[in-house]
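Here is the structure we will look at, set down as structure tokens.
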Amino acid sequence: MKNKKVLKRISIILSIILVLLDIWLYIKMQSTWSEIGSNHHPYENLGLIIGGLFRWGVLIWGILLIPMAWLEYLLINLFMKIYNKFEGLKRLFL
């Protein structure tokens with residue numbers, strides 16, 4: 001029972017950290033897109049576009065990590081329930 005509480009707290013803390021990181025990254029991205037048209041050098045514009053796309057990818061990945069953390073929590077809980085059902089040699093193989 002104590003392990004479930006610890007896993008749930010870790011999942012909640014990880015979710016909060018990921019949400020805060022995504023918000024910070026979204027705020028940081030807004031300055032990149034506004035600078036793209038102001039430069040006349042094509043390599044600088046290309047660098048800003050690539051940097052902006054990378055940040056968008058990281059933002060999307062961070063948003064996807066939140067359900068993945070909860071899925072990991074649920075799978076660990078399921079594994080612990082299955083593990084506790086078996087005894088002896090079956091538990092050793094599991």
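Atom CD1 of Ile76 sits about 13.5 Å away from atom NZ of Lys81, to the nearest 0.5 Å. To the nearest 0.5 Å, atom CG of residue Leu21 and atom CG of residue Leu14 are 10.5 Å apart. Taking CD1 of Ile82 as the start and CG of Asn77 as the end, the distance is 11.0 Å to the nearest 0.5 Å. Taken to the nearest 0.5 Å, the CE atom of Met80 stands 13.0 Å off from the CG atom of Leu75.
Residues Ile60 and Trp70 are members of separate hydrophobic clusters, defined by side-chain heavy-atom contacts under 4.5 angstrom among Ile, Leu, Val, Met, Phe, Trp and Tyr. Linking Ile, Leu, Val, Met, Phe, Trp and Tyr whenever their side-chain heavy atoms come within less than 4.5 Å leaves Ile17 and Trp24 in two separate clusters. The hydrophobic clustering, which links ILVMFWY residues whose side-chain heavy atoms are closer than 4.5 Å, places Leu71 and Ile12 apart. Under the 4.5 Å side-chain contact rule for hydrophobic residues, Tyr73 and Ile13 do not share a cluster.
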